[in-house]
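Have a look at the structure below before the remarks.
The chain is numbered in sequence order, starting from 1.
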Amino acid sequence: MCGIAGLAGADASRHEHTVGSMGMAQAHRGPDGTGHAAAADGRAVLAMNTLLIVDPRAVPGPYLDRASGVLLAFNGEIYNYRQQAVAWGIPLAAGETDAHFVLRAWVKIGPSCLGGLDGMFALAVYDPRAGKLFLARDRLGEKPLYWRLDGGRLAFASEVSTLTGYGSAPVVLRPEMLAIETPVGVDTPFQGIQLLAAATVLSFDVATGSLDQHAWWSLAGRQPFTGTFAEALAGFSVVLAEQVPLRAPACDFALLLSGGLDSSVLAYLMRPPVCVTVRYPGQDRLDESRIAARIASDIGAELIVVEPDHIDFTRVLPHMMGALDYPMGNASTFSEYMAYRRIAGLGLRVVVGGLGPDEFLMGYIRHALVLFGADAVLAAGLDAYRPLAAKLMHAAGKDLTEAEAACRLVLRGPDPDSRIRSLVADAIREAGGDLARGLTLADLATAWRPLVMTSDKLASAYALERRSPYLARDLVELSYRLPADHKISHPAAGKRILREAARTLGLPREVWGSRDKLGFASPVPAWLNGALAGWADAQIHTALAEAPASLRPLLEGGLKAGGRFDRTRMQALMAAAWFHDQTVRAAA
């Protein structure tokens, strides 16, 4: 975890002080040093916040190749950089890291080096030989990167707040924020500021101001796996055993251990010295700490149990929303935040979590509902999901299309311009007839962005590097290629191939045989309709008194109580806290 920021244009060096201030605005991302450097030709200034993980003796960035003048600001980790350095004939001296490797690889082979990188990253390269600034993000968008054009200059940063500090950016309520709680695609709630898409490289010509973007990697179009399940399991297990441990840092680290399948497999493969779980007293259905304790005991790890309450939520909401930049999140946002805070308090710098298998191996109940139908899911003993299944109810004789069913299960509010419906339909169509793959692509187009970005932003608020081993390139590509029945063969048993791998690894049956996914779910929605109802109403009403018209529908929706699968009230509260944060920043 680091941070990057900068400015490129014909007169960029005149704004070096501004870029220095941009770097300092996100200094929490890199406690080992925030610095900036101007290119020799004066047409780019890059800033970098450095968190040293690979080698604590390394020199903080930005990094310059003196022979070519190429300048790099880098955020992330490249897990295969030593192997690629050998393959590409790139020398690395003692104390040099993956950032030095990326710089030299870019000097040697340019943007095409991205295809050889296996890791998480957001980077900025100014190459005076081409007169261009390049921005790039990793395959699945683990590391955020925002940009904006202003007066012939391009500004970029790891955090939106850094760019809103650079210049005014009026708040714009995107319609999909009502539909699925967060913007989709490359939009943000700030006029003129965009998120660089995952697996995309952007080039900006500093002389002409012309800009080009293209994807450098894609899942779509990959050939299906045609072997037997036994062959798939053997290959999957090998990739799992090779790639997951590769993402364990040399230093001490913590694992977010919910007690579920994904994090438990990571525990067995990575052997973390510390595991952290979150438990809410009195919320037995959300409590998986007993299983977490057994897993931690099996691997000889210390288990730390975090027990937040509703008062904690009221106290941390402002900082949590400031860290997120704008409303986004999921059922585990508060739990994640509290876990990161505790981990940072232990003096650790790296935290590992289990993102990925749910999306790529059909781990959500909504996947089963689309693939098997509501009746089959409820008959499989998952009656607790009846409110979710009810979203598939429709008039007799009018069957839902697969795309419409998938969309209904993702939507949490109105979709008046049908943007979400279009995204889901396009994803399923792009998968070429494989519905499971289509659901994965639909998740990546809608629900994935808040998941992966919440993890980075909340961890970064505490100077932690968040790693997600299941997002290893080989594991993602193989998982996507598998046929649907290798992923889910029964409505109550998604992630079939991972469950079998877990059984082979010797995990307890209560882990690989569990049918209900909990993860780090929290009782926040229940609190907002109970113990915190009056407080939540007051927060929303205060925001409504000053909010622009575009924000009012989102806030007003939160003044109504919701059920278990309705997070409208939580969304409105987060929007109120976000609006307050924006007001404070503007006043400052």
Side-chain angles (χ1 to χ4, degrees), residues 2-27 29-30 33-50 58-75 96 99-111 113-114 121-137 145-169 192-194 196 200-213:
C2 296
I4 63 175
L7 189 67
D11 63 346
S13 61
R14 292 176 52 192
H15 303 273
E16 187 169 347
H17 177 75
T18 298
V19 175
S21 298
M22 291 167 65
M24 292 306 300
Q26 52 188 40
R29 297 184 69 94
T34 292
H36 66 274
D41 64 8
R43 298 195 293 182
V45 184
L46 308 188
M48 180 170 167
N49 318 106
T50 303
V59 177
Y63 302 99
L64 172 68
D65 180 73
R66 297 190 181 279
S68 64
V70 174
L71 189 62
L72 167 75
F74 181 77
N75 171 22
E96 293 188 324
H100 297 92
F101 159 73
V102 171
L103 174 62
R104 291 181 190 139
W106 198 284
V107 170
K108 187 171 185 176
I109 59 179
C113 74
L114 295 171
F121 58 86
L123 59 83
V125 173
Y126 176 65
D127 191 338
R129 301 170 302 181
K132 292 182 178 181
L133 172 78
F134 295 90
L135 304 178
R137 284 181 78 204
L145 186 55
Y146 300 93
W147 63 277
R148 64 184 298 176
L149 287 173
D150 176 55
R153 295 180 294 269
L154 186 145
F156 65 90
S158 295
E159 300 189 355
V160 165
S161 53
T162 302
L163 288 181
T164 57
Y166 168 75
S168 63
I193 296 179
Q194 291 191 15
L196 183 65
T200 296
V201 60
L202 175 154
S203 63
F204 174 70
D205 189 307
V206 295
T208 67
S210 61
L211 184 149
D212 178 69
Q213 297 185 66

Working to the nearest 0.5 angstrom, can you tell me the gap between Glu159 CD and Arg29 CZ?
5.0 Å

Asp41 versus Pro128, closest heavy-atom pair with distance:
OD2-CB, 3.8 Å

Supply the atom-to-atom distance Phe101 CZ to Leu72 CG, rounded to the nearest 0.5 angstrom.
11.5 Å

Please examine the side chains of Asp205 and Leu211, heavy atoms only from C-beta on, and report whether any two atoms are closer than 4.5 Å.
no

Ion pair Asp11/Arg43, N-O distance below 4.0 Å:
no

Separation of Ser168 OG from Asp150 CG (nearest 0.5 Å):
8.5 Å

Contact between Val125 and Leu71 at the side-chain level, heavy atoms closer than 4.5 Å - yes or no?
no

Are the side chains of Tyr146 and Leu196 in touch, meaning some heavy atoms are under 4.5 Å apart?
no

Distance-minimising heavy-atom pair for Thr34 and Gly30
OG1-O, 4.0 Å

Rounded to the nearest 0.5 Å, how far apart are CG of Asp65 and NZ of Lys108?
12.5 Å

Quick one: closest heavy-atom pair of Leu135 and Ala124, and the distance?
CD2-CB, 3.6 Å

Check whether any side-chain heavy atom of Arg148 sits under 4.5 Å from a side-chain heavy atom of Phe156, and report yes or no.
no

We want to know whether Thr162 and Gln26 form a side-chain donor-acceptor pair, criterion being a heavy-atom distance below 3.5 angstrom.
yes

Grab the two heavy atoms, one from Ala122 and one from Leu145, that are nearest each other, plus how far apart they are.
CB-CB, 4.1 Å

dist Lys132:NZ -> Asp127:CG (nearest 0.5 Å) comes out at 10.0 Å

Are the side chains of Leu123 and Trp106 in touch, meaning some heavy atoms are under 4.5 Å apart?
yes

Are more than 12 heavy atoms from other residues, nucleotides or ligands located less than 6.0 Å from atom CZ of Arg129?
yes

If every non-hydrogen atom of Ala47 is compared with every non-hydrogen atom of Ala73, which pair is closest and at what distance?
O-CB, 3.7 Å

Could you tell me whether the side chain of Asn49 and the main chain of Gly23 form a donor-acceptor pair under 3.5 Å?
yes

Ignoring hydrogens and geometry, is there a side-chain-to-backbone donor-acceptor pair from Asn75 to Cys2 under 3.5 Å?
yes

Within a strict 4.5 Å, meaning less than it, do heavy atoms of the Thr164 and Ile193 side chains meet?
yes

Let me confirm one number: the OH-CG distance from Tyr126 to Leu46, rounded to the nearest 0.5 Å.
10.0 Å

Centre-to-centre under 6.0 Å for Phe204 and Trp147, is that the case here?
no

Any side-chain heavy atom of Leu202 within less than 4.5 Å of one from Asp212?
no

Between His36 and Met22, is any pair of side-chain heavy atoms under 4.5 Å apart?
no

Which heavy atom of Pro62 sits nearest a heavy atom of Gly35, and at what distance?
CD-O, 3.6 Å

